[in-house]
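So that the names make sense, note that chain A is the first sequence line, chain B the second, and so on, each numbered from 1. Computed from a prediction, not measured in an experiment: that's the story for all the values here.
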Amino acid sequence: MLLEQLINGITLGSIYAIVALGFTLVFGVLGIINMAHGEIFMFGAFIGVIITSTLGLPLWIAFLAAIIVTGILGYMLERVALRPLRGKQGVSHLAPLISTIGASILLENLSHHLFGAGNHPFRNAFAEISFQIGSITIYLVQILIFVISVILMIVLSYWLLKTKAGKALRATAENIETASILGVNTKRIIILTVVIASAMGGIAGILVGMAFNSVNPQMGLSMGLKGLAIIILGGMGNVRGAMAGGLILGLSETLIVAYGDSGYRDAVAFITIIVILLLRPQGLFGQKTTAAGR
Amino acid sequence: MMLVEIVNPYYLQVGSFILINIILGLSIYVTLSSGQLSLGNAGFMGIGAYTSALLTLNFDVPIIVGVIAGAVVAGLFGILVGIPSLRLQGVYLAIATLGFGEVIRVFFVNWESVTKGAVGISGIPHIGREIFMVLKDAGFDPAIIGLKNNQFVFLTVFFVLLLINILLVWFIFRQQNSRIGRAFAAIKMDEKAAESMGINITYYKVLAFVQGALISGFAGALFAHVMSYISPADFSYHRAVEILIFAVFGGSEVIVGAIFGATFLTLMPEMLRFISEYRYMIYGLILLLMMAFRPQGLIDVQVLHWFQKLRLPKRRAEHGSKNQKHL
């Protein structure tokens, strides 16, 4: 029983981690909290529903389509909500937060009109396949989600650490002006960051669709807020923190549902936000110097 | 009598909504005027609404006591959240308060024995009807001034809210030109500079935050007694964003901005029915466009001066601060 719950928690947590990575990349490079990330994630989930359930195409096409659509959404978000505010005199640091809130409200209600308000089932061929190991049941979907998440995290870490573009991104995150002086095309890096973050959100959307077998326009908001909780837990802009934070939140939510009151499941994330911000604003894995207030 | 035809309950109802929304707009204006962005005002509004509704329903206290209690409890929560949140600035404060609002909502949904959960509370005493009953017992009949009963009820609500609005705007206006208001403005411009000038920023930031919480709680309590029905969905994230839009759209630097924003954005879906369906999409667009093109909102200090010049062509307008940090 406990082992099964742990497996559920890890599955959920690895999805959370992918969502949180999108937040943390954008925050790391731009110092902006992208409130629309949850809604981009939700669009990815809907693309998954359309491709697999409505059109009946295989899952890998769904992934591809979701990456493309959410990537485009990310690009548009950068152009419309972020770029106009950058480098403008007299704009407060709250402006990007508010404009991405605007984008999130717009996207949420757009999907309301496009796809309808209700739950959409997410059908796939192997939803029911499971393995019996001793007394515990593991679903193939869970393994798939976990494997995809881990691959994604490894690829992202490798890309950030070893490739030229990844180094340029980290340089931009460190100091945008210095990076620009040293020949990094920061404008392109920023676009790249937002697009990659959004595409990861899209992938996470499909993973959530697979895990919960239901997709609705409101899921973006709750997932977005959880993603926020995770990056605050793990430390803003901290890639490893986002992964660990995702797993912690996934496990604690699953355990609350299993052994506590399932109604308070969503409160876990928000209480985490408040407690962490008050006790350790730099997050569990953050350094003291980067803490508090930008 | 003519009054019967003029007084339309529907218009009065819309008017009452506008007045409540103005109070909400003012609640976020006050916190913004000290440079803090709170997304928890929907949560405070919920606390005020539930406190007052539960008190009046379960303990038979008069509405006015319930409303005051609702505002005070919300204010107390404001202190509770405000003091520790001082360590947070800007974006972090926004997220912490957003988290707070959601926690409050989750509690309303789950604390079913008291709040009746997601179903909400109905049959909350209505301000207008209560006043009407009191007057009726005193031998008053609305027919004397030529009104039907329900017209009188809606008219009473409207005027009670109008009076509250006038008092509140007056208060905030007076405060703005006082020591407190100038301290808020100084903190908004530059916190460190304000501190070095001897302003106790801890005190004034908490004060602004608590005022915001108090006013939202007050608005929430009034909302409960005007709608007679509340549910956790009334105080969700969308409400928080809506409140934010009132100030951001109208203008977050001047009182008139929040008033105009709340009025216009409440009227718009009522006037243009077809817009109602796309309301939140339009809200989203408004936020995007405002931040890109006019981050200080439609009405700012310059616009106000321009109006003043129109009215008083001879008097030289004072100089507005051009380099003020916009929201």
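By the side-chain hydrogen bond (donor to acceptor under 3.5 Å, both in side chains) test, A/Asn175 is found to be paired with A/Thr178, residues two or more places apart in sequence or in another chain being considered. With sequence neighbours left out, the side-chain hydrogen bond (donor to acceptor under 3.5 Å, both in side chains) criterion links B/Ser38 to B/Asn41.
Of the two parts of B/Ile245, neither the backbone nor the side chain holds a non-hydrogen atom closer than 4.5 Å to a non-hydrogen atom of chain A. Looking at A/Leu97, only its side chain comes within 4.5 Å of chain B, counting heavy atoms on both sides. Only the side chain of B/Tyr237 comes within contact range of chain A, with heavy atoms under 4.5 Å apart. With a 4.5 Å cut-off on non-hydrogen atoms, A/Ile232 touches chain B through its side chain but not through its backbone. Only the side chain of A/Leu228 comes within contact range of chain B, judged by heavy atoms closer than 4.5 Å. Looking at B/Val241, the atoms closer than 4.5 Å to chain A (heavy atoms on both sides) all sit in the side chain, from C-beta outward.
Expressed to the nearest 0.5 Å, how far OG of A/Ser222 lies from CD of B/Glu102 amounts to 9.0 Å. Annotation: the span from B/Leu288 atom CG to A/Thr100 atom OG1 amounts to 8.5 Å, rounded to 0.5 Å. The structure places CG of B/Leu287 at 11.0 Å from CE of A/Met35, a figure rounded to the nearest 0.5 Å.
Other residues, nucleotides and ligands place more than 12 heavy atoms under 6.0 Å from the CE atom of B/Met268. Within a 6.0 Å radius of OH in B/Tyr203, other residues, nucleotides and ligands contribute 12 heavy atoms or fewer. Counting non-hydrogen atoms of neighbouring residues, nucleotides and ligands closer than 6.0 angstrom, the CZ atom of B/Phe77 reaches no more than 12 such neighbours. More than 12 heavy atoms of other residues, nucleotides or ligands sit less than 6.0 Å from atom OH of A/Tyr259.
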Q: Mind running ring-ring contact (aromatic ring centres under 6.0 Å, His included) on A/His113 and B/Tyr278 for me, showing each step along the way?
A: CA-CA 9 Å; A/His113 283 276; B/Tyr278 298 96; 4.6 Å; yes
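With respect to chain A, the highest number of heavy-atom pairs below 4.5 Å among B/Asn110, B/Ile95, B/Ile286, B/Leu285 belongs to B/Asn110.
Between A/Ile105 and B/Met281 there is no side-chain heavy-atom pair separated by less than 4.5 Å. Within the 4.5 Å cutoff, side-chain heavy atoms of A/Ile101 are placed close to those of B/Leu39.
Heavy-atom neighbours of chain B within the stretch residues 73-83 of chain A, taken at a separation under 4.5 angstrom, comprise A/Val80, A/Ala81.
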Counting only pairs under 3.5 Å, give me each side-chain donor-acceptor contact of residues 38-46 of chain A, with atom names and distances, residues two or more places apart or in other chains.
from	atom 1	to	atom 2	distance (Å)
A/Glu39	OE2	A/Leu221	N	3.3

